[in-house]
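Right, one structure below, let's go through it.
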2 protein chains.
Amino acid sequence: MAPTIRDIARVAGVSVATASKGLNGKGRMRPETRERIVQTARDLGFRPNRNARSLTSGRTYTVGLLTRNGYGRFTPALLGGVEDALSADTCSLLLCDARRDAVRERHYIDALAARRVDGLIVTGRETDPAPRVGRDLPFPVVYAYTVSADPADTSVTVDDEHGGRLAVRQLARYGCRRIAHLTGPPSYAAVRDRVTGARAALAEESLDLPDSRVVYGPFSEEMGFTHVRRLLERDPEIDGIFCGNDQIARGAADGLAAIGRRVPDDVALVGFDNWTLLAASTRPAVASVDMNLYRLGRVVGETLLASIDGTVTPGISRLPCSIAVRASCPAPTGDDPVWTSDAPLVPDA
Amino acid sequence: MAPTIRDIARVAGVSVATASKGLNGKGRMRPETRERIVQTARDLGFRPNRNARSLTSGRTYTVGLLTRNGYGRFTPALLGGVEDALSADTCSLLLCDARRDAVRERHYIDALAARRVDGLIVTGRETDPAPRVGRDLPFPVVYAYTVSADPADTSVTVDDEHGGRLAVRQLARYGCRRIAHLTGPPSYAAVRDRVTGARAALAEESLDLPDSRVVYGPFSEEMGFTHVRRLLERDPEIDGIFCGNDQIARGAADGLAAIGRRVPDDVALVGFDNWTLLAASTRPAVASVDMNLYRLGRVVGETLLASIDGTVTPGISRLPCSIAVRASCPAPTGDDPVWTSDAPLVPDA
DNA sequence: CTGAAAGCGCTAACAC
DNA sequence: GTGTTAGCGCTTTCAG
C-alpha cells in the first residue's frame, strides 16, 4: 500500500496536522521540522492522494473532454492546445467519445458529474450550432470548434469567414482575376461562411464569385478531380481556385494536370485545413488556410479555466486563420497572418 | 452545491447508512424504504461522489493513457477500442501526452499516481522496444502498439511480420512473380519485421525478395514517387510492389502513371496501414494491410482490466493484420483475414 | 510552533 | 429493518 500522511507523521514524529502543513508549505513551523517532514515523505515515496484532497478542497483539477463524433484529424492539434492551457493549472483531461449517440453522451455527462470534474469541453467535427450538452450542469462548459445553439453558452470556434477571405486574397495577390470555388456540402455552416468571406474579400478587390463558379459536393479528392475539369471546360478563363479543403485541392491539382493546365501558372490553387501530410505532398504543394487549431485549443482551455474561476464569457468567439504559402499560389502575403509550423506539436500522423 | 448522501438521508427520513445501503441495493430493508430513498435521490438529482467512494473502495475506476509522442493517425482507432473495452468496467480514461520528453513523462506518471489510477496504458508511434515507463509503479501497465524493452512488462502490438506476409501473398495471388518492396527507414522494427514476413511468405511460393528489390527511404509519397521509377528502370520485369505505407503506395501509383505503367495490369500494388482516406482516393484505389487497431485497443483494454484484477500476462503479444482489397491488387484473398470496415468507429478524419 | 478534533462524502461492521 | 460508529486520506480551524 502507498504510504499515507499518517505514515509520514508517525515516522517524522509529528502529528498528522503538522505533517500536512509541512508538506504544503503552509502555517509556520521550525524549518528543521518542515525539513524533516519533507525528507520523510521523500524517503517513503509519499504521494498525496488527490482524490482525498479534492474531498475537502471541492476542486478535482480534472476536466472532461467530450467529443461528439469521434476523434478526427482536427483532434490532435486541438487537444494539444487544451492540454497545454490546462497544464498551467495542473488539470488533467478525462476523455469521452459520444460517437453521435445521445444516450452515450448523457451517460458520459453523468459519469463526469459523478467524478466532480471542474469543467467540460465539448467538441465535434462541425462548426454548425449544435444542441447544448445538457442544462443546469454542475460545472462550466466550453464548446470547442463546434458551437452551442444556445447563445448563453460559451463557444470558441474558427472564423471561417476570415479563412475564406484569406484564401481568395492570396489568389488575388498572385494575380488571379477569375476565381472559382470547389467546396463541400452547403449544409455545413463552415462551407457557407467561407463562401461569404471569399465574396466579401473579392468585392474589396472589385472581383466577384458568381454562383456559376461555385461548386458544392462531397469533401473528397474525387470531387476536386472531376469538377475541376468540368469547371474549366465551361469557363476556360478561370485562373484561380479556392478549394474547400486539401483533399479537394489535391483532386483539383491532379485534375488540372490531367487536362494539361499548369499549376500555378495557368491556374493557382489554395486549399483549406493545411493538412500538411496531404498539402505538402501534392504536386505542386498546395497553399492552404490553417485554422490554428492548437491555438484554438489553448484559448478553449484558458476560457474554461476562467469559467471555473467564475469568469464566464457567454457567446461565440471566432479565432482568425492563417495562410500557409506553398507552390500552388506563391504570392507575398501582405499583412495577412502567415502559418509557419506546428510549433510545440508532433506534426500530423 | 450538489446534494450529498446526508441530504438524501435527511429528506427520506433515514440514517446515512440506510441511505447508502438503499442506493446501492445492499443490505436488507423494507422495499418501501428503499423505494423512498431512491425516489428522494432522484428528486434531488443526487449523484454519488465517485472520488469519495474510491477513498474507501481503493479503486478509482480511472486509467491513464500516456502517449509518448503525440496523437497520430493511429490514435483514434486504438483509443476507440480501449474506451470500449474499459467501458465494460465503467472506467474512464485520463489523457497525457509526453511529447517525447522524459521530464514530462515522469511528471505525468506522478500525476497519475497521485490520482490513484487503477492502471496505465502507454502508447507510442513505433513498435520498437522502448524504455519502460518507470519501475515499481503502484499500478499495472500495458504497452499498446509500442512495446516495452523489459520482457517482464505486458505489451500488445501488431504482428508486422504477419502484415508483411499478407501483403505479398495478396500480390502473389494476383499473379505477381517479381515483387519489390518500397518502404520506410530500416531503423524501424516494423519495417524490418515486414520485410522478414514478406520474405517468409514469398519463400513458400518459391519466390524471393532480393535486396536489390528492396528500397528503404522516408515514409512519404515523394519516396514512392521517385523510387518506383528508378526501380522499374533498373528492373523492368517487376510486376508487383509491396509498399511500406499508403503514402508510399500513393506516390508509387502516381509514379507508375507518370511512366505509363498501368496499375494493376502491369504492376500491382499493396500498401500498409489501410488509411482509407488516402488509399481509397488513390487512382486506382490501393489495396492495403490493416493493422486492426481498434481490436488492438480492445485487447489492450481487456488486458489492463485483467491486470488490475491480478491476472498479469507478461511478454509481448502480437495481433494479426487483415488485408483490405482494392483495385490496385484485385485478387481473391484465400484464407487470409479480410478487412471490411471500421465497424463501431467514426471513420478517419 | 505544534497537535487535537472536526469534517469532506461515502461505505461497512456491528449493534439495536 | 435500521441506526450507530468508525474510518478511508487529507485539510483546517482552533486550542495549547
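In this text the structure is predicted, and so the values were computed from the model without any measurement.
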Under the rule for side-chain hydrogen bond (donor to acceptor under 3.5 Å, both in side chains), what residues qualify as partners of [X], not counting sequence neighbours?
| X | answer |
| --- | --- |
| S87(B) | none |
| D159(A) | none |
| T62(B) | R115(A) |
| D89(A) | R59(A) |

- Counterpart residues, side-chain contact (heavy atoms from CB on, under 4.5 Å), relative to L55(B) (two or more places apart): N49(A), A52(A), L55(A)
- Message: So, applying side chain to side chain contact (heavy atoms under 4.5 Å, CB included) with V156(A), which one of V147(A), T146(A), V142(A) is it?
- Response: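 Among the candidates, only V142(A) passes.
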- Given D153(B) and V141(B), is the side chain to side chain contact (heavy atoms under 4.5 Å, CB included) satisfied, shown in steps? CA-CA 7 Å; D153(B) 289 330; V141(B) 179; 5.9 Å; no
- Query: So, is T33(A) near the phosphate of dC1(C), with a side-chain N or O under 4.0 Å from OP1 or OP2?
  - Reply: no
- Item | Pairs where residues 23-36 of chain B contributes a residue and the test salt bridge (charged side-chain N to carboxylate O under 4.0 Å, His left out) is met, not counting sequence neighbours | R30(B)-E32(B)
- Note down the inter-axis angle between the two ends of the helix from dC1(C)-dG16(D) to dC16(C)-dG1(D), five pairs each, to the nearest 10°. 50°
- Query: Nearest nucleotide by nearest heavy atom, which residue falls closer to the 5' end of DNA chain C, R28(A) or T4(B)?
  - Reply: R28(A)
- Positional range of nucleotides in DNA chain D within the contact set of chain B, heavy-atom, under 4.0 Å: dG1(D) to dG9(D)
- Query: With no hydrogens and no angle check, is any side-chain donor or acceptor of S155(A) less than 3.5 Å from a backbone partner on S148(A)?
  - Reply: yes
Contacts under 3.5 angstrom, residues 129-138 of chain A side chains, donor-acceptor by atom type, not counting sequence neighbours:
from    : atom 1 : to      : atom 2 : distance (Å)
R132(A) : NE     : G134(A) : O      : 3.2
R132(A) : NH1    : D150(A) : OD2    : 2.4

- Scan residues 296-319 of chain B for pairs that pass side-chain hydrogen bond (donor to acceptor under 3.5 Å, both in side chains), counting only residues two or more places apart or in two chains.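 Pairs touching residues 296-319 of chain B that pass the test: Y294(B)-R298(B).
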Please list, pair by pair, any protein nitrogen or oxygen found under 3.5 Å from a nitrogen or oxygen in nucleotides 4-6 of chain C.
none

- Message: Please list, in numerical order, the residues of residues 34-60 of chain A that have a heavy atom closer than 4.0 Å to any atom of DNA chain C.
- Response: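 Hits under 4.0 Å, by residue number: L55(A), T56(A).
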- Message: Whole angstroms only, please: what is the CD1-P distance between I8(B) and dC10(C)?
- Response: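 Nearest whole value for this atom pair: 9 Å.
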- Message: Do L296(B) and Y145(B) make a side-chain contact, defined as non-hydrogen atoms from C-beta onward lying under 4.5 Å apart?
- Response: yes
- Message: Could you go through R104(A) and D84(B), starting from their C-alpha distance and side-chain angles, then the distance that decides it, and tell me whether this counts as salt bridge (charged side-chain N to carboxylate O under 4.0 Å, His left out)?
- Response: CA-CA 12 Å; R104(A) 266 182 98 92; D84(B) 283 355; 3.6 Å; yes
